[in-house]
Each structure stands twice: as C-alpha cells, then as structure tokens.
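Right, one structure below, let's go through it.
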Amino acid sequence: MLDETRKRRRTLPGQPTTGLPGMSRGHDDEPILIRSNWGTSRYVYNPRHPVGAGLIIGSLLFAGVFLCSLRARGSWSEDELRDAVHVAVRDLEATPQTLTRGPAMTTA
C-alpha cells in the first residue's frame, strides 16, 4: 500500500512532499532533537532539520533581546554606584569579621 502511494505521488528527491516550505523529502526522517555528541545524555536542536534550525535562530534572538533589555534597564549613575559602595563598606566595617579554620585553612 505504501509503495502504491509513492508511485502515485511521483516525487523527485529534494522536491517538497508536504505543504510546508523548506520541508523536503530528505528532512522527513530527521528528528528535531538529537543526542549531544559531547558524551552527555542531553538533547540538542538538530540544525539539519528546518524546525531545529528555526529553534536555534529563535533562541539566539531571544537571548540577544533579553540581554539588551537587561542592559537598558540596569544602568547606575556614578553617584548611585558610589553611594551603594560606601553603604556596603560601612555595613561590613560595623560588624567584626573573623576567620574560621576550615578545610582550606588547616596547616600541616
């Protein structure tokens, strides 16, 4: 039955078999997520699949916009930064600071 369907379609290799642009016959069997090649059991986007490539580009755009919005929102004036540092120094100097002997401080 499946062979008859393929014969009726008469599609050439590389010719789109679905209504989606960019989806060719070669990408039908490619998964969107694949195992990482770094020896971990994590899954990563497959850049050989059009949806995987779109997810990679979308993730990069989202991260870039997010970082730009953080930078635009988090600007301190010189006076605000100086005041915050002076308050932090006063708070640290107000309480006694002691060193405790931990594993890194022991002597042989």
Side-chain angles (χ1 to χ4, degrees):
M1 177 83 177
L2 185 60
D3 292 331
E4 292 174 11
T5 307
R6 286 185 182 160
K7 286 178 187 176
R8 274 188 269 145
R9 280 191 192 163
R10 298 283 183 205
T11 57
L12 299 172
Q15 183 181 3
T17 57
T18 64
L20 299 173
M23 287 292 290
S24 64
R25 184 179 199 149
H27 295 297
D28 289 343
D29 58 346
E30 288 278 342
I32 295 173
L33 296 172
I34 56 174
R35 280 194 187 264
S36 173
N37 290 333
W38 291 13
T40 61
S41 62
R42 288 196 278 173
Y43 283 87
V44 295
Y45 297 133
N46 184 0
R48 291 185 300 262
H49 194 281
V51 175
L55 288 170
I56 291 170
I57 292 169
S59 298
L60 290 172
L61 287 174
F62 176 77
V65 168
F66 178 74
L67 290 175
C68 287
S69 70
L70 279 179
R71 186 172 188 329
R73 221 180 356 175
S75 61
W76 290 44
S77 70
E78 199 171 320
D79 294 333
E80 289 174 330
L81 183 59
R82 186 182 314 113
D83 292 341
V85 169
H86 287 292
V87 168
V89 168
R90 267 186 263 136
D91 289 346
L92 285 172
E93 289 176 347
T95 59
Q97 305 293 319
T98 58
L99 292 175
T100 58
R101 282 188 151 328
M105 301 272 307
T106 58
T107 57

For the NE2 atom of His86 and the CG atom of Leu81, what is their distance to the nearest 0.5 Å?
9.5 Å
Give a yes or no on whether Val51 and Leu60 share a hydrophobic cluster (residues Ile, Leu, Val, Met, Phe, Trp, Tyr; joining criterion: side-chain heavy atoms under 4.5 Å apart).
yes
Would you say the side chain of Arg82 lies within less than 4.5 Å of the side chain of Asp79, judging by non-hydrogen atoms?
yes
For residues Ile32 and Ile56: do they belong to one hydrophobic cluster (side chain heavy atoms under 4.5 Å, members Ile, Leu, Val, Met, Phe, Trp, Tyr)?
yes
Same cluster or not: Leu33 versus Leu55, using hydrophobic residues (I, L, V, M, F, W, Y) connected whenever any side-chain heavy atoms lie under 4.5 Å apart?
yes
State whether the side chain of Asn46 and the backbone N or O of Pro31 hold a donor-acceptor pair below 3.5 Å, judged by distance alone.
yes
Minimum-distance pair of heavy atoms, taken over all atoms of Pro47 and Ala53:
O-CB, 3.8 Å
Give a yes or no on whether Asp91 atom CG has more than 12 heavy-atom contacts from other residues, nucleotides or ligands under 6.0 Å away.
yes
Please find the pair of heavy atoms, one from Tyr45 and one from Ser59, that lie closest to each other, and give the distance.
CE1-OG, 3.7 Å
